[in-house]
J.: 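Can you keep this structure in mind? I'll have questions shortly.
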Amino acid sequence: MIPSIPQSKFLTVSYAAYVTLFFVFLALPLIVVAGFAFNDSQFPSLPWEGFTWNWFFGSERPMIGVFHERSILRAIGTSVFVALCVSALSICVGLSNAFLFNRYKFRGQSILYVLMLLPLVIPGIVLGISILVSTSRVANGLWDGFGWDVEALRPGLWLVVLGQFSFITTIATLVIGARLQKFDRTLEEAALNLGASRMAAIGTITLPYLAPAMIGAFVVAFLMSFENFNTTLMLVGSDAPLTIAMFDRLKEGSTPLLNAVSLLLMVGSSCLALLMIAFQKR
Amino acid sequence: MRRDAKFGLALLLTPLLLWLSLLIFIPHIDLFLVSLRERVGVGKYDISLANYLTFINEPLYMWTFLRTAVMSVVATVITLLIAFPVSYYIAKMVKGRTQSALFLLCLVPFWVSELVRTFGWMILLRETGIISNLLQSVGLASGPVEMLYNDAAIMVGLVYTSMLFMVVPLVTTLESLADEVVEAGYDLGGNGLSVLREIIIPHAMPGIVSGCIVVFMLCLGNYLTPTMLGGKESLWFTELIYSQFIVRFNWELGAAFGFLLLILSSVIVWGMLRLTGQSLEKTMG
């Protein structure tokens with residue numbers, strides 16, 4: 001059915017009702033999480049004990065707010081650090097890949113393209129354990145052979161960065177590649193005709209054109225890294241990023257502190273998303 | 001110029017090949033080799049299929065494997081059934097501003113971490129949760145109702161978490177379906193059902209396939225939702241991998257489990273592509 005085909009009133013109304021119900025389903029868990037961040041109680045559940053800001057700003061036990069909870073703040077810092085590393089790395093490799101698949105024709109290109117997509121269809125937990133197994137083999141080899149103890153190859157932040165980078169790069173490649181595909185190459189040729197070198201042409205014409213896609217890819221990579229759980233879980237060492245730290249707390253039982261952190265996350269990621277949309281419109 | 005082009009090609013190939021070989025291929029080969037190891041003494045290993053035999057001979061492992069696969073398929077089907085009408089509504093029934101607003105609304109929950117979404121369902125479903133309280137106040141239940149820690153809760157969580165990955169490809173393919181084609185279907189005497197079967201679904205097939213593949217993969221590899229929403233009985237295969245690797249430190253068996261999960265997901269993805277005549281480049285790229 002489409003609007004131009006007349007349908008019975010009952011059908012149209014129930015269809016709209018179904019879609020409304022769907023959006024209620026989507027919103028419900030988020031609203032509940034956000035709401036209980038302000039509950040003046042030890043538990044994020046009914047009964048409602050009154051409104052409080054304590055889970056954000058409280059500094060005394062038993063209500064220590066997010067901004068006074070050291071371990072949560074440190075975990076946020078860790079997550080931001082990992083996410084920045086992952087997005088920067090994957091943007092660089094993604095840009096290079098996008099140019100490779102767009103500008104060159106070589107034997108085995110289509111096979112390489114399919115291989116490039118593979119990380120998306122490997123379960124995150126399998127990616128995690130395979131990198132864990134592989135790096136610890138190398139680390140053990142270095143220790144047995146040379147007596148070198150390479151800390152970076154043991155579970156920890158650098159492994160988390162590597163693990164997340166391994167599949168986020170595919171997404172960065174796809175986002176940047178899609179924009180490069182739409183680029184009008186005669187613009188670059190015009191620059192070459194006007195005497196620019198190849199690098200200057202790319203630097204002044206192509207890269208500015210790609211900028212929105214690169215910012216978009218950066219934001220997507222940042223958010224995906226920040227929220228990643230499965231791969232991170234297998235590679236994490238003693239410095240836990242936020243998702244892992246929250247998971248550990250959630251297993252022990254939850255206080256509205258977790259709701260407050262979640263609300264901050266929601267606000268933060270929607271701001272980033274809006275920023276990205278604004279950039280894409282320009 | 002030719003030499004320049006060759007140099008450029010080599011320069012751009014290097015990061016790609018390094019990334020794929022060091023982070024994808026070699027680790028998976030290592031994983032496979034470890035899964036073939038059997039510990040025979042301190043620091044001594046033999047090559048054998050012992051880990052895979054353990055998997056086959058231990059009913060709990062086999063059962064969890066099958067359960068994970070079947071539940072992931074069911075979750076994928078439910079997600080598709082819920083998402084299709086909504087995607088169609090967004091793509092065809094509304095236009096302009098409403099359309100982009102509704103589409104954006106679909107995306108919003110997924111900018112938030114999966115952990116937060118699962119946490120939301122825990123607050124809703126648990127014994128002291130919102131739904132339990134609501135049922136009591138309406139009078140449908142006499143005492144607290146525990147809705148968490150069972151397979152239905154896992155299902156709700158999986159469907160919720162996967163929704164976006166179904167809605168986005170569906171909306172994209174359905175949007176490209178011209179209204180005239182649907183009208184022509186009706187003009188030629190079709191009714192709602194036959195138009196849906198003959199025109200809309202065939203047109204949406206690439207979107208359906210790519211949505212189903214991604215959702216299935218995410219369900220199969222999910223760890224958080226089954227752990228948080230499921231009970232003691234409702235094991236998920238990823239939980240077995242985690243416990244072998246991190247808790248019991250039995251990497252050999254854990255690697256075998258990981259490899260089995262990889263094979264299962266590859267076979268199903270490949271089969272789905274084959275069955276519908278789609279290719280990975282078209283559905284993912």
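A note on names: the letters A, B, ... follow the listed sequences, proteins ahead of strands, and every chain is numbered from 1. The structure presented is a predicted model; accordingly, all values stated were derived computationally and were not measured.
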J.: Using only atom types and a distance under 3.5 Å, with no angle test, would you say the side chain of B/Trp19 pairs donor to acceptor with the backbone of A/Met116?
T.: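 Not confirmed, B/Trp19 side chain does not pair with A/Met116 backbone.
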
J.: Heavy-atom pairs under 4.5 Å with chain B - which of A/Ile122, A/Leu127, A/Leu28 has more of them than the others?
T.: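 That would be A/Ile122.
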
J.: Can you say whether A/Thr135 sits under 4.5 Å from chain B via the side chain, the backbone, both, or neither, judging by heavy atoms?
T.: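 Neither part; nothing is under 4.5 Å.
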
J.: For A/Leu115, which atoms come within 4.5 Å of any heavy atom of chain B: side chain, backbone, both, or neither?
T.: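 Contact with chain B involves both backbone and side-chain atoms of A/Leu115.
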
J.: For the residue pair B/Gly254 and B/Ile241, what are the closest heavy atoms and their distance?
T.: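 Answer, listing the atom of B/Gly254 first, then B/Ile241: O-CG2, 4.2 Å.
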
J.: Please find the pair of heavy atoms, one from A/Met266 and one from A/Ala34, that lie closest to each other, and give the distance.
T.: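 It is CE-N, 4.3 Å.
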
J.: Describe, in one word, how the ring planes of A/Phe101 and A/Tyr113 are oriented to each other, choosing from parallel (under 30°), tilted (30 to 60°) and perpendicular (over 60°).
T.: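 Perpendicular: the ring planes of A/Phe101 and A/Tyr113 meet at over 60°.
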
J.: Taking every heavy-atom pair that is under 4.5 Å apart, which of B/Leu104, B/Leu13, B/Leu11 has the most such pairs with chain A?
T.: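 With the most close heavy-atom pairs to chain A, the winner is B/Leu13.
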
J.: Between chain B and each of A/Ser96, A/Ser269, A/Ala27, count heavy-atom pairs under 4.5 Å; write down the option with the most.
T.: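 With the most close heavy-atom pairs to chain B, the winner is A/Ser96.
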
J.: Heavy-atom pairs under 4.5 Å with chain B: which of A/Ile129, A/Leu258, A/Val126 has the most?
T.: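 So the answer, after comparing A/Ile129, A/Leu258, A/Val126, is A/Ile129.
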
J.: Does the plane of the ring in A/Tyr15 sit parallel, tilted or perpendicular to the ring in B/Tyr89? Use 30° and 60° as the thresholds.
T.: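 Taking B/Tyr89 first and then A/Tyr15, their aromatic rings stand perpendicular (interplane angle over 60°).
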
J.: Is there a donor-acceptor pair closer than 3.5 Å between any side-chain N or O of B/Arg117 and the backbone N or O of A/Pro29?
T.: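 Between the backbone of A/Pro29 and the side chain of B/Arg117 there is no qualifying donor-acceptor contact (under 3.5 Å).
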
J.: To the nearest 0.5 Å, what is the distance between CG on B/Leu261 and CG on B/Leu240?
T.: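 Answer rounded to 0.5 Å: 10.5 Å.
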
J.: B/Phe25 versus chain A, heavy atoms under 4.5 Å apart: side chain, backbone, both or neither?
T.: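 For B/Phe25, the side chain is the part near chain A, not the backbone.
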
J.: Could you look at B/Phe245 and say if it's the side chain, the backbone, both or neither that has a heavy atom under 4.5 Å from chain A?
T.: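 For B/Phe245, the side chain is the part near chain A, not the backbone.
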
J.: Any side-chain donor paired with an acceptor under 3.5 Å for A/Glu227 and A/Thr243?
T.: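 There is no such pair (donor and acceptor under 3.5 Å, judged by atom type) between the side chains of A/Glu227 and A/Thr243.
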
J.: So what's closer than 4.5 Å to chain A heavy atoms on B/Ser265: side chain, backbone, both or neither?
T.: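 When you check distances to chain A, only side chain atoms of B/Ser265 fall under 4.5 Å.
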
J.: Which one, A/Leu162, A/Leu118, A/Thr173, leads in non-hydrogen pairs under 4.5 Å with chain B?
T.: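 Most pairs with chain B among the choices: A/Leu162.
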
J.: Is it true that a side-chain atom of B/Gln99 and a backbone atom of B/Ala91 form a donor plus acceptor pair closer than 3.5 Å?
T.: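 Such a contact is found between B/Gln99 side chain and B/Ala91 backbone.
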
J.: Quick one: does B/Thr68's side chain have a donor or acceptor within less than 3.5 Å of a partner on B/Phe237's backbone?
T.: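 Judged by distance alone, yes, a pair lies under 3.5 Å.
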
J.: With a 3.5 Å distance limit and no angle check, can you tell me whether B/Thr14 reaches the backbone of B/Ala10 through a side-chain donor-acceptor pair?
T.: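 Side chain of B/Thr14 to backbone of B/Ala10, a donor-acceptor pair under 3.5 Å: yes, one is there.
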
J.: Side chain, backbone, both or neither: which part of A/Met224 has a non-hydrogen atom closer than 4.5 Å to chain B?
T.: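 No part of A/Met224 comes within 4.5 Å of chain B.
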
J.: Give, as side chain, backbone, both or neither, the part of B/Val86 having an atom under 4.5 angstrom from any heavy atom of chain A.
T.: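 Both parts, backbone and side chain.
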
J.: Is B/Leu18 close to chain A through its backbone or its side chain, or both, or neither, when contacts mean heavy atoms under 4.5 Å?
T.: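 Contact with chain A: none, neither part.
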
J.: At under 4.5 Å between heavy atoms, what parts of residues 104-111 of chain A are in contact with chain B? List them by residue number.
T.: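 Within residues 104-111 of chain A, the residues that come under 4.5 Å of chain B (heavy atoms only) are A/Tyr104, A/Phe106.
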
J.: For each of B/Gly120, B/Pro85, B/Pro15, B/Gly258, tally heavy-atom pairs with chain A at distances under 4.5 Å, and name the one with the top tally.
T.: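 Maximum pair count with chain A is reached by B/Pro85.
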
J.: Measuring heavy-atom distances to chain B, does A/Thr20 have an atom under 4.5 Å in its side chain, in its backbone, in both, or in neither?
T.: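 Neither; nothing under 4.5 Å.
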
J.: Which pair of non-hydrogen atoms, one from B/Cys106 and one from B/Ile90, has the smallest distance, and what is that distance?
T.: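 So the minimum-distance heavy-atom pair works out to SG-CD1, 3.7 Å.
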
J.: What part of A/Leu242 gets closer than 4.5 Å to chain B, counting heavy atoms only: side chain, backbone, both or neither?
T.: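 Contact with chain B involves no heavy atom of A/Leu242 at all.
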
J.: Closest heavy-atom contact between A/Thr232 and A/Pro241?
T.: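 Minimum heavy-atom contact is CG2-CG, 3.8 Å.
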
J.: Between A/Phe247 and chain B, with a heavy-atom cut-off of 4.5 Å, which part of the residue counts as in contact: side chain, backbone, both or neither?
T.: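 Backbone plus side chain of A/Phe247, per the 4.5 Å heavy-atom cut-off to chain B.
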
J.: Would you find a donor on one side and an acceptor on the other, under 3.5 Å apart, between the side chain of B/Ser35 and the backbone of B/Phe32?
T.: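 The answer is yes, because a donor-acceptor pair under 3.5 Å joins these two groups.
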
J.: Shorter than 4.5 Å, heavy atoms on both sides: which option in A/Met234, A/Arg103, A/Met246, A/Arg137 has the most such pairs with chain B?
T.: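 Highest number of heavy-atom pairs under 4.5 Å: A/Arg137.
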
J.: Considering only heavy atoms, which portion of A/Phe99 lies under 4.5 Å from any heavy atom of chain B: side chain, backbone, both, or neither?
T.: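 Both backbone and side chain of A/Phe99 come within 4.5 Å of chain B.
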
J.: Counting only non-hydrogen atoms closer than 4.5 Å, does B/Ile26 touch chain A with its backbone (N, CA, C, O), its side chain (CB onward), both, or neither?
T.: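 Answer is both: backbone and side chain atoms of B/Ile26 are under 4.5 Å from chain A.
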
J.: Given heavy-atom pairs under 4.5 angstrom as the criterion, report whether the side chain, backbone, both or neither of A/Leu132 touches chain B.
T.: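 Its backbone and side chain both get close to chain B.
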
J.: Report the option among A/Ser166, A/Gly268, A/Ser262 that has the most heavy-atom pairs separated by less than 4.5 Å from atoms of chain B.
T.: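 Greatest number of close heavy-atom pairs with chain B: A/Ser166.
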
J.: Go through the atoms of A/Leu265 and report whether side chain, backbone, both or neither lie under 4.5 Å from a heavy atom of chain B.
T.: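 Side chain only.
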
J.: Taking all non-hydrogen atoms of both residues, which atom of B/Gly157 and which atom of B/Thr161 are closest, and how far apart?
T.: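 Reported closest heavy-atom pair: O-OG1, 2.6 Å.
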
J.: I'd like to know which of B/Pro27, B/Ser266, B/Gly221 tops the heavy-atom pair count under 4.5 Å against chain A.
T.: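 Of B/Pro27, B/Ser266, B/Gly221, B/Pro27 has the most heavy-atom pairs under 4.5 Å with chain A.
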
J.: Could you check A/Asn97, A/Thr169, A/Leu117 and say which one makes a side-chain contact (heavy atoms from CB on, under 4.5 Å) with A/Leu174?
T.: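 Running side-chain contact (heavy atoms from CB on, under 4.5 Å) over A/Asn97, A/Thr169, A/Leu117 with A/Leu174 returns exactly one hit, A/Leu117.
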
J.: Are B/Trp251 and B/Phe249 close enough that their ring centers fall under 6.0 Å?
T.: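 Yes: the rings meet the under 6.0 Å criterion.
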
J.: Of the listed residues (B/Val34, B/Ile246, B/Leu224), which shares the most heavy-atom pairs with chain A below a 4.5 Å separation?
T.: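 The answer is B/Leu224.
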
J.: If I compare all heavy atoms of B/Phe216 with all of B/Ala69, which pair ends up nearest, and what's the gap?
T.: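 Where B/Phe216 meets B/Ala69 most closely, the heavy atoms are CE1-O, 4.1 Å.
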
J.: Classify the ring geometry between B/Phe84 and B/Tyr88 as parallel (under 30°), tilted (30 to 60°) or perpendicular (over 60°).
T.: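 Ring orientation of B/Phe84 relative to B/Tyr88: parallel.
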
J.: Which bit of B/Leu9 comes within less than 4.5 Å of chain A, counting heavy atoms only: side chain, backbone, both or neither?
T.: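 Both backbone and side chain.
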
J.: Counting only non-hydrogen atoms closer than 4.5 Å, does B/Leu16 touch chain A with its backbone (N, CA, C, O), its side chain (CB onward), both, or neither?
T.: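 Answer is both: backbone and side chain atoms of B/Leu16 are under 4.5 Å from chain A.
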
J.: Would you mind checking which part of B/Leu22 comes under 4.5 Å of any heavy atom in chain A, side chain (CB onward), backbone (N, CA, C, O), both or neither?
T.: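 Answer is neither: B/Leu22 stays 4.5 Å or more from chain A.
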
J.: Any side-chain donor paired with an acceptor under 3.5 Å for B/Glu114 and B/Thr225?
T.: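 Yes, a side-chain donor-acceptor pair sits under 3.5 Å.
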
J.: Contact part of B/Ile82 toward chain A, heavy-atom cut-off under 4.5 Å: side chain, backbone, both or neither?
T.: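 Both backbone and side chain of B/Ile82 come within 4.5 Å of chain A.
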
